Asks: 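Sharing a structure with you now.
Given the structure is predicted, the values throughout are model-derived calculations rather than measurements.
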Amino acid sequence: MNTLGRTLLATTALGTATLAYAAGIERRRWTLREATVPVLAPGSSPLRVLHLSDLHMMPGQKSKQRWVAALDELEPDLVVNTGDNLAHKQAVPAVVRALGPLLNRPGVFVFGSNDYYAPRPKNPARYLMPSAKTKRIHGIPLPWRDLRAAMIEHGWLDLTHARRRFEVNGLEVFAAGLDDPHLKRDRFDEISGPVPDVPLRLGVTHSPEPRVLDPFAAEGYDLVLAGHTHGGQLRIPGYGAIVTNCELDRSRARGVSRWGAHMWLNVSAGLGTSPYAPVRFACPPEASLLTLVPRPVDAGQDVSDAKRDTRFGVGGNVR
């Protein structure tokens, strides 16, 4: 075999091995991403927030259901779900099983496009194209109303174009949310208005489009939680996300970052994928545990968030 033949053979083998890893191993390498974020009013007690997003649940995904349910052992004070829970018309019971004991804790939620519509097969090249230049193709309607009813029945608050004020572990929280900007359902004017002076002012959206992040920041929100990007889903080591599937820049595709002078943003890389693109590379599925602490009294003080990743295998327990 000549040099060219050996090179082609090695390249093919490497590509096959990479695809097998991305499809068979990494997309089930459940990960807990932890961060400490200084967003609370001075003097506030810390608040533990569990951020879940993009489960893209199929009925038979048992290991994902077990892992998510075990997150209750983290004893979060508040659970925030930023949408895209469903990937199948019969997946609502599986999502409810996954959320399990977490539904007995305080929670808020908004929905994403894959709560409203099932995924459909698409040309893989569309993933690498700017979302503004692609025509959205909707699948069949999904039973999002059934999922909403189950969440509300357990006491979770629907923040879709809603402003809510509530108390969590003795801390007063003001939260507002939007319908999915990816589907252009967002109507910020419906939640716009004076934001009360409480220890935490929280914004919730599925897709972290700059056009919605800017008004959240302008109105004085402390923290916005979002999903949708899958962290890029396919990342190149040393380069990061290839795309974000929205107008957000690649550097913010997952994790905590600043947005403007005051507000913080956490983008979850999510826990699932479309059943028609079941691969992840250098971007394992994740949930986020955010420990919110008081911001510095000196507004000019330089502050960086402390992060720590903790990974668990298939069916692993959270400790």
Asks: Can a donor-acceptor pair be found, under 3.5 Å and without considering hydrogens, that links the side chain of Glu247 to the backbone of Pro210?
Replies: no
Asks: Relative to each other, are the rings of Phe174 and Tyr221 parallel, tilted or perpendicular (30° and 60° limits)?
Replies: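 Plane angle between 30° and 60°, so tilted.
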Asks: Once rounded to the nearest 0.5 Å, what's the spacing between atom CZ of Arg165 and atom CG of Leu157?
Replies: 14.5 Å
Asks: Considering non-hydrogen atoms only, spot the tightest contact between Val279 and Arg27 and give its length.
Replies: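 Heavy atoms of Val279 and Arg27 come nearest at N-CD, 4.3 Å.
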Asks: What pair of heavy atoms forms the shortest contact from Arg280 to Gly272, and how long is it?
Replies: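 Residues Arg280 and Gly272, closest heavy atoms: NH2-O, 3.0 Å.
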Asks: Mark yes when over 12 heavy atoms from residues, nucleotides or ligands other than Asp189 sit less than 6.0 Å from its CG; otherwise mark no.
Replies: yes
Asks: Taking all non-hydrogen atoms of both residues into account, name the closest pair between Leu290 and Leu225 and its distance.
Replies: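 Heavy atoms only, the tightest pair is CD1-CD2, 3.7 Å.
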Asks: So how far is it from Gln65 CD to Leu99 CG, rounded to the nearest 0.5 Å?
Replies: 10.0 Å
Asks: Would a 4.5 Å heavy-atom cut-off, applied to side chains only, mark Leu159 and Leu202 as touching?
Replies: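 The answer is no; the side chains never approach within 4.5 Å.
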Asks: Report yes or no: do Glu219 and Ser192 form a side-chain donor-acceptor pair below 3.5 Å?
Replies: yes
Asks: Parallel, tilted or perpendicular: which one describes the rings of Phe216 and Phe188, with boundaries at 30° and 60°?
Replies: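 Judged by the thresholds at 30° and 60°, the geometry between Phe216 and Phe188 is perpendicular.
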Asks: Within the supplied structure, the quantity of interest is the number of heavy atoms (other residues, nucleotides, ligands) at a distance under 6.0 Å from Arg164 CZ; does it exceed 12?
Replies: no
Asks: Could you give the distance from NE2 (His228) to OG (Ser53), rounded to the nearest 0.5 Å?
Replies: 10.0 Å
Asks: Where the side chain of Arg235 meets the backbone of Cys283, is there a donor-acceptor pair that is under 3.5 Å apart?
Replies: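 Checked: no pair found.
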Asks: Under a 3.5 Å cutoff, is there a donor and acceptor pairing between the side chains of Asn245 and His230?
Replies: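 Judged by distance alone, the side chains do not pair up.
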Asks: Just by distance, with hydrogens left out, do Asp222 and His262 show a side-chain donor and acceptor under 3.5 Å apart?
Replies: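 Per modelled atom types, Asp222 and His262 side chains form a pair under 3.5 Å.
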Asks: Between Thr82 and Val204, is there a side-chain heavy-atom distance shorter than 4.5 Å?
Replies: yes
Asks: With distance as the sole criterion, is a donor-acceptor pair present between the side chains of Ser257 and Arg252 under 3.5 Å?
Replies: yes
Asks: Is Arg48 salt-bridged to Asp77, cutoff N-O under 4.0 Å?
Replies: no
Asks: Give me the ring orientation class for Trp156 and Phe109: parallel if the planes are under 30° apart, tilted from 30 to 60°, perpendicular past 60°.
Replies: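 Answer is tilted, since the angle falls between 30° and 60°.
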Asks: As a quick check of understanding, evaluate side chain to side chain contact (heavy atoms under 4.5 Å, CB included) for Asp54 and His206, giving each step before the final call.
Replies: CA-CA 9 Å; Asp54 297 85; His206 176 63; 3.4 Å; yes
Asks: Any idea which heavy atoms bring Val95 and Leu147 closest together, and the distance?
Replies: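 Shortest heavy-atom contact: CG1-CD1, 3.8 Å.
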